[in-house]
Amino acid sequence: MNLFDIASEEKKKKEEPLAARMRPETLDDIVGQQHIIAHDKLLYRAIRADRLSSIIFYGPPGTGKTSLAHVIANTTKASFEKVNATIAGKKDMEEVVARAKRRFSEQGKRTILFIDEIHRFNKAQQDYLLPYVEDGTIILIGATTENPYFEVNGALLSRSRIFELKPLTEKDIRTLLQRAVRDTEKGVGSENVILDDDACGYLAEGADGDARTALNALELAVLTTDRSDDGWIHITLDTAKECIQKKVMRYDADGDNHYDTISAFIKSMRGSDPDAALYYLARMLEAGEDVRFIARRIMIAAAEECGVADARALQVAAAAAVAVERVGLPEGQLVLAEAAVYVAAAPKSNACSQGILKAREEVRRSGNLPIPNYLKDAHYASAEKLGHGTGYRYAHDYPNHYVDQQYLPDEIRDTAFYEMSNIAYEGRLRKYFDYIHKPYNTETERKGEK
């Protein structure tokens with residue numbers, strides 16, 4: 001590389017966005033993610049020892065997936081290649097594999113391949129990599145914002161370690177912003193920038209765990225703010241507010257955030273926490289979730305979590321499902337909120353939902369057991385000849401409209417599927433059942449007899 005090339009490369013780096021320029025060079029430069037790269041953690045030790053096996057980094061945008069790959073590239077003695085799955089094709093991968101094979105055979109040198117957005121590769125592209133990952137020709141580092149257990153082939157997953165990166169804390173992002181302001185080589189330190197503490201806090205909070213968003217906002221503030229009379233660029237709270245966009249909900253109707261949020265919503269209703277239920281409902285509404293989907297989940301929760309302890313929960317949920325389709329948004333949010341709060345606050349019992357699961361398990365286990373003859377249909381001329389209906393006792397002819405009679409098949413006659421709780425209305429039902437099931441003489445205590 002000649003002097004002209006070096007100068008051109010340096011100019012190119014200076015023209016990169018601030019977030020790219022501020023990428024960490026070493027492990028100790030990385031901010032956050034201590035749950036996977038603290039000094040006592042496996043990943044930290046593996047990178048320092050240059051003993052990496054195939055790994056996949058999974059997490060939201062701006063949490064450091066590419067930065068970690070950048071650090072590995074600076075640390076490893078292996079050759080490092082990078083492709084982006086959104087634009088790479090089979091030919092690109094064949095060329096990478098060919099170079100990796102040549103390096104290993106001629107120099108005994110390993111190749112680390114970093115694939116950004118690996119979830120964008122289709123099954124065939126992922127399958128192509130498998131034998132080369134398996135025989136060690138390539139050490140794979142994948143990065144994805146999508147849950148790899150949904151998006152990456154099981155065969156690749158089984159040969160890789162998964163590391164989940166979390167959204168950065170506000171403290172982490174403050175640290176990165178202040179570092180960028182001080183750094184005179186890669187950051188904006190040479191521009192004489194003063195970042196007010198409240199402005200820094202606003203950018204850190206508004207970035208919602210995304211370092212790239214915060215650094216891009218800082219760079220925009222620096223580029224669009226005039227210098228004061230003292231020659232400094234003064235970034236105030238008002239400037240910060242203008243330079244960072246409204247938070248965009250990380251929510252994909254077919255992806256991880258969709259399932260995680262609805263799971264938290266359901267568990268909040270089950271756990272009798274109306275505040276949390278409203279919060280997750282709000283997140284789904286802000287993200288544009290289908291209100292019909294939300295209404296269906298509330299109905300299911302009402303039946304599964306409340307059951308007979310408060311059967312009105314299902315009535316409220318079903319009414320809400322109809323109402324929200326008729327009124328739409330924004331008013332429909334009031335309907336969904338009422339239903340979610342009702343289900344969250346209602347007495348809970350899963351006796352019904354557990355009962356049907358147990359019953360279906362029994363049916364799958366024992367098949368079509370013979371129904372007692374006296375319970376079979378007797379509404380046709382020859383039923384009596386078959387003994388169908390013979391011996392059946394009509395419950396309404398007995399005190400309390402109950403008669404002690406076997407309804408289950410003989411083989412499972414003593415099996416209990418529905419085990420009543422003592423909660424709310426179900427508790428009252430249990431007392432009623434205990435009362436009507438008291439032993440009595442069915443032959444003499446018929447209705448109207450003493």
Side-chain angles (χ1 to χ4, degrees), residues 9-10 13-14 16-84 100 103 109-118 133 136 138-145 148 159-189 200 204 207 209-216 218-219:
E9 189 68 24
E10 288 180 354
K13 285 184 178 179
K14 288 181 179 179
E16 286 181 331
L18 177 61
R21 301 200 306 270
M22 290 300 298
R23 287 197 195 285
E25 300 292 334
T26 69
L27 276 169
D28 294 330
D29 291 338
I30 295 175
V31 174
Q33 310 305 341
Q34 291 304 295
H35 64 291
I36 60 172
I37 57 166
H39 288 198
D40 61 337
K41 299 299 182 182
L42 172 66
L43 182 58
Y44 181 91
R45 299 197 308 272
I47 295 173
R48 287 295 295 266
D50 197 10
R51 300 294 296 172
L52 277 178
S53 56
S54 291
I55 56 180
I56 294 176
F57 293 132
Y58 152 54
T63 51
K65 300 182 294 295
T66 304
S67 293
L68 269 170
H70 186 72
V71 166
I72 292 169
N74 290 338
T75 305
T76 184
K77 293 177 182 176
S79 292
F80 190 90
E81 299 223 22
K82 176 181 177 181
V83 299
N84 191 303
R103 283 191 202 100
K109 197 172 186 180
R110 300 178 307 156
T111 297
I112 294 177
L113 172 61
F114 174 57
I115 303 179
D116 202 6
E117 308 284 349
I118 191 172
V133 171
I138 284 173
I139 297 171
L140 172 67
I141 300 178
T144 174
T145 56
R159 291 159 178 80
S160 307
R161 284 187 175 273
I162 312 297
F163 293 97
E164 182 178 4
L165 280 70
K166 308 290 187 181
L168 298 182
T169 65
E170 288 185 31
K171 182 180 178 181
D172 292 336
I173 295 180
R174 274 179 173 269
T175 299
L176 291 172
L177 290 169
Q178 291 160 356
R179 182 185 291 179
V181 168
R182 292 193 303 268
D183 193 319
T184 56
E185 294 184 9
K186 298 186 297 180
V188 294
C200 184
D210 186 331
R212 187 184 298 110
T213 295
L215 290 169
N216 286 345
L218 173 62
E219 184 173 36

Residues forming a salt bridge (Lys or Arg N to Asp or Glu O under 4.0 Å) with R159, sequence neighbours excluded:
E134
Given the rule in the side-chain contact (heavy atoms from CB on, under 4.5 Å) test, do R161 and L42 qualify, once you have shown the distances and angles that lead to the verdict?
CA-CA 11 Å; R161 284 187 175 273; L42 172 66; 3.5 Å; yes
So the salt bridge (Lys or Arg N to Asp or Glu O under 4.0 Å) pairs with at least one residue in residues 37-64 (sequence neighbours excluded) are D50-R110
A180: what forms a side-chain contact (heavy atoms from CB on, under 4.5 Å) with it, not counting sequence neighbours?
L18, M22, L215, L218
Per the salt bridge (Lys or Arg N to Asp or Glu O under 4.0 Å) rule, what does the pair list look like for residues 63-81, sequence neighbours excluded?
E81-R99, E81-R103
Applying salt bridge (Lys or Arg N to Asp or Glu O under 4.0 Å) to R174 and not counting sequence neighbours gives D197
Residue list, side chain to side chain donor-acceptor pair (under 3.5 Å) with T144, at least two apart or on another chain
H119
Compile the donor-acceptor pairs under 3.5 Å between side chains in residues 66-74 and protein atoms, sequence neighbours left out, one pair per line.
{"from": "N74", "atom 1": "ND2", "to": "E25", "atom 2": "O", "distance (Å)": "3.3"}
{"from": "N74", "atom 1": "ND2", "to": "E25", "atom 2": "OE1", "distance (Å)": "2.8"}

Could you list the residues that satisfy salt bridge (Lys or Arg N to Asp or Glu O under 4.0 Å) with K109, not counting sequence neighbours?
none
Ring pair (Phe, Tyr, Trp, His ring centres under 6.0 Å) pairs touching residues 16-43, sequence neighbours excluded, are H39-Y44
How would you list, by chain and number, every residue that makes a side-chain contact (heavy atoms from CB on, under 4.5 Å) with S53, sequence neighbours excluded?
none
Residues forming a side-chain contact (heavy atoms from CB on, under 4.5 Å) with A46, sequence neighbours excluded
L52
